[in-house]
Every structure is written in C-alpha cells, then in structure tokens.
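A short worksheet on the structure shown next.
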2 protein chains.
Amino acid sequence: MKNQPSTSPSSSDKILVAATRIAQAHGFGGLNMRALADDLGIKAASLYYHFSSKADLAAAVARLYWEDSAATLEAFLIETPAPAECLRRYPNTFRKSLESDNRICLCSFMTAEYDDLPEGVRAEVRAFTEVNVAWLKRVIVAGAMVGAQDAENRAQAIFAAVSGAQLMARGRSDITLFDTLIDSYRAAGLIPA
Amino acid sequence: MKNQPSTSPSSSDKILVAATRIAQAHGFGGLNMRALADDLGIKAASLYYHFSSKADLAAAVARLYWEDSAATLEAFLIETPAPAECLRRYPNTFRKSLESDNRICLCSFMTAEYDDLPEGVRAEVRAFTEVNVAWLKRVIVAGAMVGAQDAENRAQAIFAAVSGAQLMARGRSDITLFDTLIDSYRAAGLIPA
DNA sequence: ACCTGAACACCGTTCAAGT
DNA sequence: ACCTGAACACCGTTCAAGT
C-alpha cells in the first residue's frame with residue numbers, strides 16, 4: 001500500500017505478483033522457484049538476488065496479501081458505512097479469488113499446509129485471519145447485531161464459514177455453489193441480513 | 001470395510017494407512033514417496049510394486065477415506081436414530097482429525113490442491129463431499145428441520161462451515177477454537193439445535 | 001545492480017536384477 | 001511374490017563468475 005504509483009513496478013514487485021498468483025493456485029509447496037522464474041523470463045538463481053529463500057519470498061507474499069486485504073476492508077467501510085451492508089458485501093472479497101481461475105485465498109491454502117510452513121510464513125498467515133476477524137467484529141459491534149460478548153465469536157464463525165464455502169466451491173470448480181452457500185448462511189441466520 | 005478382521009494387515013494395507021496419515025498432514029504434494037517408504041522400512045522403489053504411481057496410491061487412499069467415512073456415518077444413524085442428535089454429533093467426526101496431531105480432513109486438504117490433483121484422485125475427493133452432503137440431507141429431511149427444498153442447501157452449508165472451522169482451528173493449533181466455532185454455528189442457527 | 005551456469009542434495013519414477 | 005540399486009529428469013539452493 002506504500003508503493004510509488006507513478007513508478008513502474010520493480011523486479012521484486014513483479015516477483016511478488018507472480019508468486020502470489022502461483023501460491024493461490026498451488027500453495028507454498030507448489031510454488032516452484034524454477035517455474036516462477038520462467039514466468040518472469042529470468043533464471044531461478046536470479047530470484048535469490050531479490051529474496052534470500054523461498055521461505056523469505058513466501059513470507060513477503062503473505063504479508064503483502066494481508067496488507068492489501070486490510071486496505072480493501074478499510075476502503076469498504078468508508079464507501080459503505082452501514083454495518084449490515086458491509087457484512088452483506090464481505091463474502092465478495094472471497095468470491096473474487098474464485099473468479100480468478102478458481103483460485104482461493106492464499107492464507108486458506110497455507111493454513112492447510114501449516115505443518116510445512118516456515119515460522120516466518122506462519123506469522124503472516126495468522127495475521128490475515130486476525131485482520132479479517134477484527135474487521136468483522138468491528139462491523140458486528142457497530143451494527144449491534146449480537147451482544148458485545150458474542151461479537152468475537154460471531155466474527156470468527158463468519159470467517160470460518162466463508163473460507164469453507166470458498167474451498168468447497170473450488171473443489172467443484174463452481175462459483176455458483178459459493179453464492180448458494182453464502183445465501184444459505186444468510187437464510188440460516190449466520191450472516192445477519 | 002471389506003477387510004478380513006482376523007488376518008494381519010497386508011503390505012498394501014500398511015502403505016495405505018501410513019500414506020493417509022501423511023496426506024492428512026502434508027497433502028498430496030507433501031506425500032513424499034521416499035519418506036513414506038522410510039516409515040515402512042522399505043525402499044521407495046518397492047512402493048511401485050503395490051501401487052503403479054503416486055497418483056494411483058493417492059486415489060486408493062482417498063477412496064478408502066470416503067468409504068470409511070460413509071461407514072462411520074451409517075453406524076452413527078443406527079446408534080443415534082434421532083436426527084437432531086445426529087446433527088449435533090456430526091462435527092465430532094471432524095474434531096477427531098484435529099485430535100490426531102492437528103491433522104485435517106484428507107479431502108479438505110486435497111480440495112485446496114485441486115489444480116495439481118490427477119483426475120483419479122479428484123473423483124475420490126468429490127465422492128467424500130457427496131457422501132457427507134447426502135448423509136446430512138437425509139438427516140435434515142428426517143428431522144423436518146427445514147423445507148424439503150432447502151435441505152440440500154442446508155446440508156451443503158453445514159459441510160462447508162464445519163470444514164472451514166476445522167481448517168481455521170488447524171491454523172491456530174487450537175482445538176478449543178473448533179468447539180467455539182461449532183457452538184457459534186449452533187447459536188446462529190446454522191446447525192439446527 | 002542484476003543476472004547466470006554449474007553444481008549439490010533431494011524428489012518421482014523406471015527397470016533390470018536379486019531373493 | 002516381494003524387494004532393491006542404480007539411473008533419469010526434476011526440485012531448492014549456493015556460489016563463483018559474468019555484465
């Protein structure tokens with residue numbers, strides 16, 4: 001979020017963008033340094049000039065990912081001040097990944113791979129969840145939708161359920177299933193309507 | 001489910017059991033043929049006597065996994081005929097994976113890896129979801145919990161949400177978070193109580 | 001400042017050969 | 001019937017060397 005808008009992207013930026021797309025489709029384990037280098041028209045060894053290791057690159061990717069997510073959610077709040085409307089639109093941020101070649105949230109994928117993640121990557125993955133849950137809690141509290149005590153629990157539940165819907169829709173390569181699942185959550189009362 | 005109870009497990013059975021545990025922790029990509037062979041005290045090349053490829057082994061693992069799941073759910077219905085009680089206990093089947101060294105559902109992990117899965121494995125992963133959704137739908141219809149029209153949607157929603165809760169709990173290595181999330185689903189009305 | 005070729009130990013897989 | 005050693009092309013990574 002603190003990039004120079006009028007400057008062309010640096011080599012490191014281009015690596016981060018390409019690596020993010022690969023990791024959303026194939027995970028940390030499936031992020032292949034040689035294939036990534038091929039995408040960028042350089043050799044695998046060159047990547048190590050910009051990032052000291054695959055762990056270092058993946059941590060930078062995950063950090064950028066949650067920072068972008070945090071900025072998107074903040075912008076959401078500004079353009080859509082009504083809490084109920086904010087919550088109604090929240091699942092759209094997850095829908096966008098599926099629209100992009102059936103990809104999923106980088107951090108959902110990496111959460112599955114938790115055992116194999118370097119600690120530096122784990123910390124950034126956890127940050128993504130925290131940012132999302134904290135945002136949801138603020139909106140729920142602002143809307144006085146449940147007791148203040150229950151706002152944290154409800155926020156976690158919405159995050160987990162939307163993540164699960166995204167994953168299930170990927171397994172069917174069917175974005176309409178995602179929409180159906182979100183509608184079911186609303187009908188059941190999980191997402192205050 | 002059609003194994004000979006009084007016979008000692010065959011080499012193939014032992015491979016399947018060990019491979020299942022690895023795949024629940026590391027996924028299809030993280031299922032390392034040499035490490036698996038080491039676990040079993042044989043050489044990697046020997047695995048190819050029993051299974052023609054890693055894809056073939058993973059498909060057999062996923063098939064056994066949903067067959068066992070189907071059998072467990074059927075046994076559930078027999079010992080617990082009350083639909084509401086069945087639904088209340090359903091999340092326990094997912095809790096057990098977390099109890100086993102923070103592992104998750106084999107098929108949730110493989111769903112994340114969908115792009116990299118051989119077609120034979122994909123088919124078995126889809127079967128797991130279908131078995132679970134079909135069981136949930138039967139129970140929901142038997143309990144007359146929602147309109148018959150909505151039973152399918154509700155069954156899918158419960159499966160997606162419980163899967164998401166399992167994944168989120170793994171990312172925190174905190175099984176009590178799983179319990180909290182399931183309670184929140186009940187409080188919100190997603191799981192009929 | 002940025003990139004590369006060659007090398008290392010590690011992967012899935014094959015296959016001829018062993019018991 | 002079941003297992004193995006050696007070999008293949010492929011991974012992440014290093015490093016000396018190039019521009």
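Computed from a predicted model, the values in this text were never measured in an experiment. Letters A, B, ... mirror the listed sequences (proteins, then strands); counts begin at 1.
Rounding to whole angstrom units, CG of residue B/Leu47 and P of C/dC11 are separated by 13 Å. Atom NZ in A/Lys43 sits roughly 16 Å away from atom P in C/dA7 (whole-Å rounding).
Of all the residues in residues 107-116 of chain B, not one reaches under 4.0 Å from DNA chain D with any non-hydrogen atom.
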Canonical and wobble pairing (Watson-Crick, G-U, under 3.5 Å) of DNA chain D, dot-bracket with |: ||.|||||...|||||.||
Could you pull out every donor-acceptor pair under 3.5 Å between side chains of residues 126-134 of chain A and any protein atom, sequence neighbours left out?
{"residue": "A/Arg126", "atom": "NE", "partner": "A/Tyr114", "partner atom": "OH", "Å": "2.9"}
{"residue": "A/Arg126", "atom": "NH2", "partner": "A/Tyr114", "partner atom": "OH", "Å": "3.4"}
{"residue": "A/Arg126", "atom": "NH2", "partner": "A/Glu119", "partner atom": "OE2", "Å": "2.9"}
{"residue": "A/Asn132", "atom": "OD1", "partner": "A/Tyr90", "partner atom": "OH", "Å": "2.6"}
{"residue": "A/Asn132", "atom": "ND2", "partner": "A/Phe128", "partner atom": "O", "Å": "3.0"}

Below 3.5 Å, can you tabulate the donor-acceptor pairs from side chains in residues 75-82 of chain B to any protein atom, sequence neighbours excluded?
{"residue": "B/Glu79", "atom": "OE2", "partner": "B/Arg89", "partner atom": "NH2", "Å": "3.4"}
{"residue": "B/Thr80", "atom": "OG1", "partner": "B/Arg89", "partner atom": "NH1", "Å": "2.7"}

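Within the structure, ring pair (Phe, Tyr, Trp, His ring centres under 6.0 Å) contacts touching residues 9-49 of chain B (residues at least two apart or in different chains) do not occur. Counting only residues at least two apart or in different chains, salt bridge (charged side-chain N to carboxylate O under 4.0 Å, His left out) contacts with residues 26-45 of chain B are absent.
Remark: B/Arg21 engages B/Asp101 in a salt bridge (charged side-chain N to carboxylate O under 4.0 Å, His left out) (not counting sequence neighbours). Under the rule for a salt bridge (charged side-chain N to carboxylate O under 4.0 Å, His left out), A/Asp116 has no partner lying at least two apart in sequence or in another chain. Residues satisfying the side-chain contact (heavy atoms from CB on, under 4.5 Å) test with A/Asp174, not counting sequence neighbours, are A/Arg172, A/Thr176, A/Leu177. For B/Lys137, the side-chain contact (heavy atoms from CB on, under 4.5 Å) partners at least two apart in sequence or on another chain are B/Val141, B/Ala151, B/Glu152, B/Ala155. Residues satisfying the side-chain contact (heavy atoms from CB on, under 4.5 Å) criterion with B/Ala160, sequence neighbours excluded, are A/Met168, A/Leu181, A/Tyr185.
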Verdict with supporting geometry, B/Asp115 and A/Arg103, salt bridge (charged side-chain N to carboxylate O under 4.0 Å, His left out): CA-CA 9 Å; B/Asp115 275 11; A/Arg103 286 177 167 77; over 6 Å; no
Using a cut-off of under 3.5 Å, enumerate the N/O to N/O pairs linking the protein to nucleotides 12-16 of chain D.
{"residue": "D/dG12", "atom": "OP1", "partner": "A/Leu31", "partner atom": "O", "Å": "3.1"}
{"residue": "D/dG12", "atom": "OP1", "partner": "A/Met33", "partner atom": "N", "Å": "2.8"}
{"residue": "D/dG12", "atom": "OP2", "partner": "A/Asn32", "partner atom": "OD1", "Å": "3.2"}
{"residue": "D/dG12", "atom": "OP2", "partner": "A/Met33", "partner atom": "N", "Å": "2.9"}
{"residue": "D/dG12", "atom": "OP2", "partner": "A/Arg34", "partner atom": "N", "Å": "3.4"}
{"residue": "D/dG12", "atom": "N7", "partner": "A/Arg34", "partner atom": "NE", "Å": "3.4"}
{"residue": "D/dG12", "atom": "N7", "partner": "A/Arg34", "partner atom": "NH2", "Å": "2.8"}
{"residue": "D/dG12", "atom": "O6", "partner": "A/Arg34", "partner atom": "NH2", "Å": "2.4"}
{"residue": "D/dT13", "atom": "OP2", "partner": "A/Tyr48", "partner atom": "OH", "Å": "2.7"}
{"residue": "D/dT13", "atom": "OP2", "partner": "A/Lys54", "partner atom": "N", "Å": "2.9"}
{"residue": "D/dT13", "atom": "O5'", "partner": "A/Tyr48", "partner atom": "OH", "Å": "3.3"}

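Distances shorter than 4.0 Å separate none of the side-chain N or O atoms of B/Tyr49 from OP1 or OP2 on D/dC3. Of the side-chain N and O atoms in A/His50, one or more sit less than 4.0 angstrom from OP1 or OP2 of C/dC3. Checking the phosphate oxygens (OP1, OP2) of D/dT4, a side-chain nitrogen or oxygen of B/Ser46 falls inside 4.0 Å.
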